[in-house]
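The next block holds one structure in the form of structure tokens; read it before the comments.
Only a predicted model underlies this, so the values are computations on that prediction, with no experimental measurement involved. Throughout, protein chains are lettered first and strands after them, A, B, ... in sequence-line order, and every chain is numbered starting at 1.
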Amino acid sequence: MAAPTTVQQLHLHLHDLAAQAVQALGGPAVELNLAPPPNPEMGDLGFPVFPLAKPMRKAPPALAEEITRELQTRAAGDPYIAEVLAAGPYVNFRLNPAGLLRLILHEQRSERPFGSHQAEAPQRVMIEYSSPNTNKPQHLGHVRNNLLGHTVANILSFYGHDVIRANLINDRGIHICKSMLAYQRFGHGETPERAGVKGDHLVGDYYVKFNTEFDKEAEQYALKRFKDDLLQHVFAEEAGVFLAEPATLAAFKKLLAQRPDPALTQEAERLQGHFATLKALQDQEKAQLNALLKPIKDKAERQRLTEQPPQAILDLRHQAWTLRQEIAAFIVKHRTPEELDRLHTLWYLSRRMDKDAYFNSDDSDLGAAAREMLRQWEADDPEVRALWATMNGWVEAGFHQTYDRMGVRFDHIDHESETYLLGKDLVEEGLQRGVFHRAANGAVVFDLAKIGLSGEKAVLRPDGTSLYTTQDLGTAARRFDNHHLDRLMYVVGDEQDHHFKVLFGILGQLREGWQDRCHHLSYGMVLLPHGRMKSREGTVVDADDLLDLMERLAADEVRARYADLDEDEIQRRAVAIGHAALKFFLLNYSPPTSLTFDPEKSLEFTGETGPYLQYAYARTGSILAKAGLDPAADLEPDMDALAALTSPLEREIILHLAGWPAAVAWAASKYDPSKIAGFGYQTARLLARFFSDPDHNVLKSEEPLRSGRLALMWAVNRALGVALGLLGIQTLNEM
RNA sequence: GCACCCAUAGCUCAGCUGGAUAGAGCAACGGACUUCUAAUCCGUAGGUCCCAGGUUCGAAUCCUGGUGGGUGUGCCA
């Protein structure tokens, strides 16, 4: 084998050397699991001999000794291997750091960037991310999606694939009509310019306006239509249940706040404490009942026990009932008739009334108007289309401002208004071929049993209109055909896991091989300390507001450190640092992890954060600059200088850098930016240790160590710069 | 009911596809600014890797069963 010219080849070289040694000793040809030992004193890269012990009929430690001796003779004179040593049942290599760093420097100067793949053929990959609705501005959830998609695209592209960044803007449908209708009725011709508001926010305000107006309408309807029904339920058997609900008591507390009476409010708060007890009682009851039922298989006996549980369980229920009564009695005693009406209505709306059904009924004025508007849109009504074009224009302009701020971009932008009719021909063809069948009511459906799931999935309604899935099938097909894709990826939250399983399954039935070329990059939700973001409750973290906040917080930090810096420079750094903190925070979680965003705790600039990486980078750059070296220009390594790098920390840094190609390969194959973030953080951590140690001072050290350390700084600066670039984090030369 | 995901330090998370003594950040406590930039470093403390079995030379990691939490399960999008 030729001498290794890359770190990856070196890894293979070591593996082959070890495998040859094993075979020379009569062992089997197996893959050896080369991994770093837990302690650097043991070596840099090693493998366990357990799997070889049985076939070679030797005790592991003795075998390790034997393999080590064999390797020592075979590796003699190898420029990359300093030592081979046995450690119990393990065989470890100690590498020559100078040789390793020379390889790294060589790769960093080569045309193919260090860490990009060397062997695989490039693939054409389309990755769809963001996919926003044009009825409201983007929020923190979108930010995670945008950054995840954009960063994965960066990684795949860096790795050597041909990447198409796609966005499918959901610009049509009933939800769009809601904001349009509210604007038409309440907007008075307002524009973003006149209101001084970003277009997406302006439209979002009308979407909210629609919902509050609709809620009012629904409440009035419920009160008028179901008054008798409400009263009956409330004072009948469900009284205790309804009144003793957390939501009811909370609503009542709000009502109490309108007629200030501290004593009552206090009492309401005390009673709210009962809910925790109620929950505990319920859990106990459930646990006891389950334990009781568990050993009993007979169905009738189980049912009897469920219906007539033993006294202990009844006691628990009684305790709970007493608490409920206390809460109910409090509300009944202190409510005014108006308040009770309001509570009834809220209860009915939350428990009994199907708001979607109401929206879709002729009873709802706003619902009917919105649906009519959708019909007009589909019929190309010029007035509706004009309004739609105007408002969508505002929203998209707003989106693009936000994308630009985040550094997120796209190669292809599709609109659902152009794609929503796609897929029908595909369904027709599938129907002919028996992929789909016609249901009794005329709908065209897919039998999910064909792909190992249960139930049916409709792809055409009885009236022949298409569904979301139909459109997705058509859009995917068009993308495969137009772009000759090897892979099609969707960055979408994990609540749509099932949808994509179905979609890909059907695609696979329609076209051989498409299923395996599709991938759903599923990621966890962004939660707030109190739970999910709910626009209804005003807990949504707006993307633009968040970016503003990050910039402001970062500006405060910069100002606190460099009071005399001019304001432009403060702002420039604040944008870089604030965005870095946000990006790193979101990308440092592995995608499947759902994360809790706590503004108090999440917006940090110290510890494992983006600015920590930027800081380490800035310091390497500063040292290079002081030495008169340009980090952008190439550096010619001098072996004597590199050989002077012998401290444990220097070795550790070099070894860590050698792990970059593996980190990129891993991130690219798993679509996981957190691997890159983790690598960057480890790099920064090693550097922080390096900088804090006076013995490792670069500029004050003697030649040839000084040149060696400068070469190391140069290599680290490049590697960290590339990692930060992939994460979309701006580098700074001074912090 | 069924399906999928998750459970690791007080909190938030890693843990390289089964290897050697399970790691970081935050929070707590103690120490280091005459600095190649303290957005930093060093140290102390903190663990029944949810529980019970199984596979294996070896399990946080794989399998089975349970418990707890989340998300789905539209002829909605």
Measure from the side chain of A:R532, starting at C-beta and using heavy atoms only, and say which of B:G72, B:U40, B:A20 lies closest.
B:G72

Can you tell me if A:F50 is stacked onto the base of B:G19, using a 5.5 Å centroid cut-off and an angle below 30°?
yes

For B:A27 and B:G46, measure between their C1' atoms and round to the nearest Å.
11 Å

Does B:G70 have its OP1 or OP2 closer than 4.0 Å to a side-chain nitrogen or oxygen of A:S594?
no

Does A:D497 contact B:C5 through a side-chain donor or acceptor facing the base, at a distance under 3.5 Å?
no

Would you measure the distance from the P atom in B:G25 across to the matching atom in B:G19 and give it in whole Å?
24 Å

What contact category does A:N135 fall into here, base, sugar-phosphate, or nothing, at under 4.0 angstrom with non-hydrogen atoms?
nothing

Using the P atom in both, what is the distance from B:A52 to B:U61, to the nearest Å?
13 Å

When the C1' atoms of B:U55 and B:C62 are compared, how many Å lie between them, rounded to an integer?
8 Å

What nucleotide, of B:G25, B:U21, B:C75, holds the atom closest to the side chain of A:N39?
B:U21

Looking at A:E428 and A:K424, does any basic side-chain N land under 4.0 Å from a carboxylate oxygen?
no

Considering only side-chain heavy atoms of A:K501, which listed nucleotide, B:C4, B:U37, B:A39, is closest?
B:C4

Residue from A:F500, A:Y671, A:Y129 passing ring pair (Phe, Tyr, Trp, His ring centres under 6.0 Å) with A:Y490
A:F500

RNA chain B nearest-nucleotide lookup for A:R172 and A:F605: closer to the 5′ end is A:F605

For B:G58 versus B:A20, give the span between their P atoms, rounded off to a whole number of Å.
14 Å

Across the strands shown, which category fits A:A663 at heavy-atom distances under 4.0 angstrom: base, sugar-phosphate, nothing?
nothing

Over all strands shown, is A:M713 touching base, sugar-phosphate only, or nothing at heavy-atom distances under 4.0 angstrom?
nothing

Who is the Watson-Crick or G-U wobble partner of B:U71, with both distances under 3.5 Å?
B:A3

How close or far is atom C1' of B:C76 from atom NE2 of A:H498, stated in whole angstroms?
15 Å

Between A:Y523 and B:C6, does any side-chain N or O lie under 4.0 Å from OP1 or OP2?
no

Proximity to the side chain of A:T593 - top-ranked nucleotide from B:C41, B:C13, B:C76:
B:C13

Any donor-acceptor N/O pair under 3.5 Å between B:A20 base and A:N92 side chain:
yes

A:A458 has a side chain; which of B:C75, B:A77, B:U37 sits nearest to it?
B:C75

Taking a pair to mean Watson-Crick or G-U wobble geometry with both distances below 3.5 Å, B:C49 pairs with none

What are the two closest non-hydrogen atoms of A:F585 and A:T596, and how far apart are they?
CZ-O, 4.2 Å

Under 4.0 Å, heavy atoms only, any strand: does A:L467 hit a base, just the sugar-phosphate, or nothing?
sugar-phosphate

When you measure from the side chain of A:H142 to the backbone N and O of A:S130, does any donor-acceptor pair fall under 3.5 Å?
no

Taking the nucleotide of RNA chain B with the nearest heavy atom to each, does A:A443 or A:P38 sit closer to the 5' end?
A:P38

Side-chain donor or acceptor of A:H520 paired with backbone N/O of A:V492 under 3.5 Å
yes

Partner of B:U37 under the Watson-Crick or G-U wobble criteria, both distances under 3.5 Å, comes out as none

Quantified in whole Å, what is the P atom distance between nucleotide B:C51 and nucleotide B:G10?
14 Å

Parallel, tilted or perpendicular for A:F446 and A:F436, by the 30°/60° rule?
perpendicular

Is any side-chain N of the basic residue among A:E702 and A:R706 closer than 4.0 Å to the acidic one's carboxylate O?
no

As its Watson-Crick or G-U partner within any shown strand, both distances under 3.5 Å, B:C13 has B:G23

ring centroid sep under 5.5 Å plus plane angle under 30, A:Y90 with B:A20
yes

For B:G58, give the paired nucleotide (Watson-Crick: N1-N3 plus N6-O4 or O6-N4; G-U: N1-O2 and O6-N3; both under 3.5 Å), or none.
none

Which whole-number value in Å describes the distance from A:Y612 OH to B:A39 P?
12 Å

Do NZ/NE/NH1/NH2 and the carboxylate oxygens of A:D447 and A:K450 come within less than 4.0 Å?
no

Of the candidates B:C36, B:A77, B:C41, the side chain of A:N697 sits closest to B:C36

Are OP1 or OP2 of B:C36 and a side-chain N or O of A:K626 less than 4.0 angstrom apart?
no

Given B:C36, B:C75, B:U21, the nucleotide with the shortest approach to the side chain of A:N441:
B:C75

Are any of the side-chain nitrogens in A:E378 or A:R375 under 4.0 Å away from the carboxylate oxygens of its partner?
no

Using a 4.0 Å heavy-atom cut-off, does A:V459 contact any base of the nucleic acid, only the sugar-phosphate backbone, or nothing at all?
nothing

Whole angstrom is fine here: how far is it from OH in A:Y681 over to C1' in B:C13?
12 Å

With rounding to whole Å, what would you report as the distance between B:C16 and B:A24 at their P atoms?
16 Å

Select one nucleotide: of B:U12, B:A20, B:C36, the one nearest the side-chain heavy atoms of A:Y589.
B:U12

For atom CG of A:D44 and atom C1' of B:C16, their distance in whole Å:
17 Å

Checking B:U37, B:G25, B:C41 against the side chain of A:R689 (C-beta onward), the nearest is B:C41

Take atom C1' in B:G18 and the same atom in B:C63, then report the distance between them in whole Å.
13 Å

Does B:A39 have OP1 or OP2 sitting under 4.0 Å from an N or O in the side chain of A:Y615?
yes

Which nucleotide, B:G25, B:C57, B:A20, lies nearest any side-chain atom of A:A87?
B:A20

Any base atoms under 4.0 Å from A:P592, or only sugar-phosphate, or nothing? Heavy atoms, all strands.
nothing

Remember a base hit wins even if backbone is also touched, and classify A:Y562 as base, sugar-phosphate or nothing at under 4.0 Å, heavy atoms.
base

A:L453 atom CG is separated from B:G1 atom P, nearest whole Å, by 20 Å

Establish, with yes or no, whether the OP1 or OP2 oxygen of B:A14 is under 4.0 angstrom from a side-chain nitrogen or oxygen of A:S590.
yes

